Protein chains: 2
Amino acid sequence: MPRAAYHHGDLHQQAHDQALAVLRLEGDSAISLRAIAKQIGVSAPALYRHYADRESLLAELAISGFAALRQQLLSVDQHAPRAALIGIGLAYVAFAQSEPNLYRLMFGGRVLPKGAHPRLDQAGLDAFNVLQDTIARGQRAGYLKPAPLPLMTATAWSLVHGLSQLTIDGHLPNADAEPQLAEGITSLLLEGAITPTHPHIDNNEDNP
Amino acid sequence: MPRAAYHHGDLHQQAHDQALAVLRLEGDSAISLRAIAKQIGVSAPALYRHYADRESLLAELAISGFAALRQQLLSVDQHAPRAALIGIGLAYVAFAQSEPNLYRLMFGGRVLPKGAHPRLDQAGLDAFNVLQDTIARGQRAGYLKPAPLPLMTATAWSLVHGLSQLTIDGHLPNADAEPQLAEGITSLLLEGAITPTHPHIDNNEDNP
DNA sequence: CGGGTTAAGTTAACGGTGTTAACATTGGCA
DNA sequence: TGCCAATGTTAACACCGTTAACTTAACCCG
């Protein structure tokens, strides 16, 4: 077996795990190849046999993050359209809140420019498609308006992503009542924000 | 007056400007105190007379960013409620798209943990309040539902923030038709995503 | 006007980083 | 068995943020 062997045999996976642990605890900027190598008990350049550079390591973490997010979204019950939509939203926000640093890496944008890591882009698309399919199902069931699918998907994605980002970074004042917040927001999108008493008369006067 | 003077006289502002220029071009991770000092023609530790550390410099950039965002939101015409709400949304997204790297710094979350820079938190709140006031006005005018104000504000903020983040990072497929997208999304939130059959009149859309 | 206090700059240095070059070791296959 | 490719090693380069100790200049006050 591997008793201080020259060839480690498991370096790739072990570096991945170690980096993920550091990411969870301290965020992506705290991930250091040298520190990871030292922790594993290997020299720093050894990591370059398994990752082209630091960014590739981070990309791989983000890829597994998107896969986990996708799994979490796939586990939502798709029976009733409304429950499915709200369930997707709650699952999405719950993922972000349970893995804030991983989520920030996945969507940070600072690292990982769009086209640099094709597998990353694909993983993001795969998660995106779960949400899109749920919306399309809601439309086919007649529950959702027949608005253009890209528009509806962009709206839903923007809403859950924005809420996730704002909550995990503490930007929302009145941060009390979080679970109700996510559900209330989703409901508000579904049912609309304007008063349903009259069909919209646009140029309404505003003073009392 | 000061030609190659020992006391620079304007170092604080000049470092701020230089850092902002680098931020715009290459993002916050490319901001280096040593490089900025060299560019200005001063030694690196001189910057520590004006900024406690690198993070403080970044915080100051973010503060001025929030002030600029607030000004842009304040310039929206507040006459008609619906136009005001859509205008705020468009102005918000336009700001993010015109200053993507600055916007990422302001909301990145990686740098600048919540309570570390009180002036930053206050600047964010000031911008937040412009949006919140607009929503409250819409409620007083009877245009918006009388839902809890924090809920409505969180929803609107999440939506525009999410859309901004997703578009500037290129996460949305079908990224065509951007201006329509922002307006369509805002309208969708206002009028609701579900088919208006539920409010007990003339329902003929049917589907199991 | 002169002198001291202090704000604002200097160089030198510490420990850390990603990354490359050149070399060493090993496992597996012809 | 012998070679080759994969996978490690050490040394080194060019950066980085930050601190300590020192120097210069500006200003205020007696």
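Convention: sequence-line order gives letters A, B, ...; per-chain numbering from 1. Just so it is clear, the structure is predicted and the values come from calculations on it, not from any experiment.
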Short side-chain N/O contact to C:dG9 OP1/OP2 from B:His50, under 4.0 Å | yes
Rounded to whole angstrom units, what separation is found between the CD atom of A:Gln14 and the P atom of D:dT7?
-> 15 Å
Just checking, any donor-acceptor pair under 3.5 angstrom between side chains of A:His50 and A:Glu60?
-> no
Plane angle bin for B:Tyr103 and B:His161 - parallel if under 30°, tilted between 30 and 60°, otherwise perpendicular | tilted
Sidechain-backbone polar pair: B:Glu183 side chain, B:Ile86 backbone, donor-acceptor under 3.5 Å | no
Provide, to the nearest angstrom, the distance between the CG atom belonging to A:Leu47 and the P atom belonging to D:dT10.
-> 13 Å
Pair listing, ring-ring contact (aromatic ring centres under 6.0 Å, His included) test, anchored in residues 60-83 of chain A, at least two apart = A:Phe66-A:Phe107
In whole angstroms, how far is the P atom of C:dG15 from the NZ atom of A:Lys38?
-> 12 Å
Within-4.5 Å side-chain heavy-atom neighbours: B:Leu189 and A:Leu159 = no
Hey, does A:Ile31 reach any base, or is it just sugar-phosphate, or nothing, if we go heavy atoms under 4.0 Å?
-> sugar-phosphate
Could you check how far CG of A:Asp28 sits from P of C:dT17, rounded to whole Å?
-> 15 Å
Between D:dG8 atom C1' and A:Asp10 atom CG, what is the distance in whole Å?
-> 15 Å
Result of checking B:Leu120, B:Leu105, B:Ile63 against B:Leu58 for side-chain contact (heavy atoms from CB on, under 4.5 Å) = B:Leu105
Mind listing the N/O atom pairs, protein and nucleotides 18-21 of chain D, below 3.5 Å?
{"unit_1": "D:dT18", "atom_1": "OP2", "unit_2": "B:Tyr48", "atom_2": "OH", "d": "2.8"}
{"unit_1": "D:dT18", "atom_1": "OP2", "unit_2": "B:Arg54", "atom_2": "N", "d": "2.9"}
{"unit_1": "D:dT18", "atom_1": "O5'", "unit_2": "B:Tyr48", "atom_2": "OH", "d": "3.2"}

Give a yes/no answer on whether the side chain of A:Ser32 brings an N or O atom under 4.0 Å of OP1 or OP2 in C:dT17.
-> yes
